[in-house]
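The figures that follow rest on heavy atoms only: side chains count, while hydrogens, waters and symmetry mates do not. Labels below follow one simple rule: chain letters A, B, ... track the order of the sequence lines, proteins then strands, and each chain is numbered from 1.
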Amino acid sequence: MKAEPETRFENGTDVKFSIDDLKSRTEPEPWDGIRNYVARNNLRSMKKGELAFFYHSNCKEPGIVGTMEIVQEHSPDLSAHNSKAPYYDPKSKPDDPKWSVVHVRYRSKFVQQIGLQELKAMGKPGSPLENMQMLKQSRLSVSRVSPSEWEYLMGVVKERGGETE
DNA sequence: GCCAACGTTGGC
DNA sequence: GCCAACGTTGGC
């Protein structure tokens, strides 16, 4: 799941959200603003208790920086109906919401992040991540991670100093 | 700031 | 339903 750790204004609001921002939250964080059907459907398939990677995008050093937990399954993304919200969508109607959120909670931060260049190298044909959705559809902000992809990446994390809370 | 790789829109 | 034109994402 991608978020932008550097300041950028969208509809008058700073959309900056880093893993440290998530870490500082005391309440479950709604993952809102997803406005792509494939990404939304991925949100809708998430189950409570599942884990997700936190990816820093549109920044100096893009890559996977940590993990979080799905603490609440999907519900309507009401921010779509707020004309002042960063990702306002006038085509979503309150009585028939188009978009969804899940609620997440911080789990861990990697001692060393896994950079996009490394991910791409692991995604070459014949490599462990050759079928990873985020490498095939690089613009998707919420993408699927298979159990074997997760295991492989967490192995890489372990080799490089592991995770911190 | 550029632009490749998408996704969306709307005329026909 | 096709597809040209346009808009968006996100790496570089």
What pairs of nitrogen or oxygen atoms, one from the protein and one from nucleotides 1-3 of chain B, lie under 3.5 Å apart?
none

Legend entry - Within residues 114-135 of chain A or reaching into it, pairs that qualify as ring-ring contact (aromatic ring centres under 6.0 Å, His included) - sequence neighbours excluded: none
Legend entry - Results of side chain to side chain contact (heavy atoms under 4.5 Å, CB included) for A/E50 - residues two or more places apart only: A/M46, A/K47, A/I70
Inset, instruction - Identify, with sequence neighbours excluded, every residue that meets side-chain hydrogen bond (donor to acceptor under 3.5 Å, both in side chains) alongside A/E10. - result: A/R8
Legend entry - Contact state string [nucleotides 6-12 of chain C, B base, S sugar-phosphate only, - no protein heavy atom under 4.0 Å]: -BBBBSS
Legend entry - Pairs flagged by ring-ring contact (aromatic ring centres under 6.0 Å, His included) wherever residues 8-30 of chain A is involved - sequence neighbours left out: none
Legend entry - Linked hydrophobic residues, A/W99 as query - side chain contacts closer than 4.5 Å: A/Y37
Legend entry - Pairs flagged by ring-ring contact (aromatic ring centres under 6.0 Å, His included) wherever residues 142-165 of chain A is involved - sequence neighbours left out: A/F53-A/W150
Inset, instruction - Please list, chain by chain and in numerical order, all residues satisfying side-chain hydrogen bond (donor to acceptor under 3.5 Å, both in side chains) with A/T67, sequence neighbours excluded. - result: A/S108
